[in-house]
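We use all heavy atoms of the structure for the numbers below, so side chains are in, but hydrogens, waters and symmetry mates are not. Below, chains carry the letters A, B, ... as their sequence lines are ordered, and counting in each starts from 1.
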Amino acid sequence: MPELPEVETTLRGLKPWLVGATITEVKVRQPALRWPVVDNLPDLLIGQVILCMGRRAKYLRLSLKNGSLLIHLGMSGSLRLLSANEPWRKHDHIEVVVHTGKRIRYHDPRRFGSWSWTFNEHHQLTNLGPEPLSTHFDGNHLYRLGRGRKLPVKNFIMSSEIVVGVGNIYAAESLFRAGIRPDRSAGRISLKRYIALSQHIKAVLRTAIEQGGTTLRDFVDSVGDPGYFKQQLKVYGRHGRPCTVCKAPLKLTRLGQRSTVFCNRCQT
DNA sequence: CTTTCAGCCTGACGGC
DNA sequence: TGCCGTCAGGCTGAAA
């Protein structure tokens, strides 16, 4: 599934081909995504120049003169860069063609993703916490915002108003590396441990971005390879199997309707 | 205010 | 073999 590293990799791959290009064609075959795609999207985009592209949280933003397009890949979305017209595959929902002939295809079986247009500010981007890899995110930030909060620390670090881009996989992995139980209350964790946790979150995400950059470098031809970080996962998807540190069987629990794996001995 | 939870959607998988 | 239930997951908005 697209986590922050895949979104970042997608951005880096598409940018050179799209920034500065003029949109010549837009086809929406399936507008029923997370939110309905506006029906005049082609009119809004055709003839416009893509001025710049960026990422905020797990959103990709394409800035045009009149406004901007915000794309979220949801659970199963991917963007493929095509050099020529290709037959539409099942679950290909949207295509954007630019004047050079390059085209991007949006593919999303579960349709949890979104394409939203705005003339000014995207409301989805307000109330977002800092980027995890920025200097605005550190142990002090987590400690300060965690005071008085009773929810489990895993849910806390997965909240986008606290910090963005930490999904279920990376939350579990960084908590294991920091030795913190995922069900511990956010308000009952020391500054020292939050400093360690923030550092592990950064390290895990950085590694995954590097891996994405390696495995998905040719994402032009194949997108969404889910195996890129798998070898490095120490807890996610490994419940019942031995802890890599103490060999005790890893526990499975549910927090906030999310499956959560942890080591009952190493995480306290 | 904080926290919980249903809902969106398809494909994979297990049990019968 | 096929059918049916369950699960997976990010994010929102409503309920508690």
Side-chain angles (χ1 to χ4, degrees), chain A residues 1-11 28-37 55-61 70-79 88-94 106-116 118 121-129 131-132 142 144-175 182-189 201 204-205 208 212 223-230 233 235-240 250 252-261:
Chain A
M1 74 222 59
E3 294 272 354
L4 186 143
E6 275 119 320
V7 179
E8 182 64 31
T9 304
T10 299
L11 171 69
V28 180
R29 298 173 88 215
Q30 171 57 277
L33 304 184
R34 177 72 173 79
W35 298 287
V37 178
R55 177 188 64 76
R56 177 73 174 104
K58 294 178 188 168
Y59 292 97
L60 287 170
R61 190 178 55 234
L70 202 63
I71 299 174
H72 197 292
L73 302 179
M75 295 300 308
S76 57
S78 60
L79 289 167
W88 290 74
R89 303 179 192 176
K90 195 178 183 185
H91 305 306
D92 281 353
H93 304 314
I94 304 178
Y106 179 66
H107 180 88
D108 187 1
R110 293 185 197 175
R111 309 212 308 269
F112 273 22
S114 61
W115 282 51
S116 36
T118 179
E121 194 72 13
H122 287 282
H123 71 276
Q124 290 145 289
L125 298 183
T126 56
N127 301 323
L128 287 182
E131 286 289 325
L142 289 178
R144 197 163 36 80
L145 294 183
R147 292 310 84 192
R149 301 291 298 269
K150 288 183 175 167
L151 82 170
V153 61
K154 175 161 174 278
N155 304 39
F156 178 65
I157 60 173
M158 288 176 68
S159 310
S160 59
E161 73 274 12
I162 303 300
V163 57
V164 301
V166 181
N168 199 37
I169 297 175
Y170 298 123
E173 291 299 315
S174 45
L175 285 166
D183 57 355
R184 180 175 282 275
S185 287
R188 308 211 45 165
I189 292 173
I201 289 172
V204 160
L205 288 174
V223 196
D225 177 356
Y228 71 105
F229 194 66
K230 228 173 181 174
L233 297 178
V235 285
Y236 182 83
R238 295 194 66 247
H239 63 273
L250 295 172
L252 174 65
T253 184
R254 261 185 112 69
L255 292 173
Q257 301 160 292
R258 294 284 171 271
S259 65
T260 305
V261 184

A/S76 side chain near C/dG9 phosphate (N/O to OP1/OP2, under 4.0 Å): no

Round to a whole Å and report the spacing from [atom1] of [X] to [atom2] of [N].
{"X": "A/H122", "N": "C/dT12", "atom1": "NE2", "atom2": "C1'", "result": "17 Å"}
{"X": "A/E161", "N": "C/dG10", "atom1": "CD", "atom2": "C1'", "result": "13 Å"}
{"X": "A/R56", "N": "C/dG10", "atom1": "CZ", "atom2": "P", "result": "18 Å"}
{"X": "A/Q257", "N": "C/dC7", "atom1": "CD", "atom2": "C1'", "result": "13 Å"}
{"X": "A/W35", "N": "C/dT12", "atom1": "CH2", "atom2": "P", "result": "5 Å"}
{"X": "A/D108", "N": "C/dG9", "atom1": "CG", "atom2": "P", "result": "16 Å"}
{"X": "A/M75", "N": "C/dG10", "atom1": "CE", "atom2": "P", "result": "5 Å"}
{"X": "A/K58", "N": "C/dT12", "atom1": "NZ", "atom2": "C1'", "result": "15 Å"}

Along DNA chain B (nearest heavy atom to each residue), the more 5'-positioned of A/P152 and A/R34: A/P152

DNA chain B: 5'-proximal contact among A/R258 and A/K150 (nearest heavy atom): A/K150

Boundaries of the chain A footprint along DNA chain B (any atom under 4.0 Å from a heavy atom): B/dT2 to B/dG11

Short question: side chain of [X], backbone of [Y] - any donor-acceptor pair under 3.5 Å?
{"X": "A/R55", "Y": "A/A57", "answer": "yes"}
{"X": "A/R29", "Y": "A/D92", "answer": "yes"}
{"X": "A/S114", "Y": "A/W35", "answer": "no"}

Hey, does [X] reach any base, or is it just sugar-phosphate, or nothing, if we go heavy atoms under 4.0 Å?
{"X": "A/G74", "result": "nothing"}
{"X": "A/Y59", "result": "sugar-phosphate"}
{"X": "A/S259", "result": "sugar-phosphate"}

A/R110 (side chain) and C/dG10 (base): donor-acceptor pair under 3.5 Å: no

Side-chain donor-acceptor distances from residues 150-157 of chain A under 3.5 Å, at least two apart:
unit_1, atom_1, unit_2, atom_2, d
A/K154, NZ, A/N168, OD1, 2.6
A/K154, NZ, A/T260, OG1, 2.9

Stepwise side chain to side chain contact (heavy atoms under 4.5 Å, CB included) test for A/Y106 and A/L33: CA-CA 11 Å; A/Y106 179 66; A/L33 304 184; 3.9 Å; yes

A/R56 vs A/V164 side-chain heavy atoms within contact, under 4.5 Å: yes

Geometric class of the A/H91/A/H107 ring pair [parallel <30°, tilted 30-60°, perpendicular >60°]: perpendicular

Given DNA chain C, 5'-ward residue of the pair A/H123 and A/F112, judged by closest heavy atom: A/F112

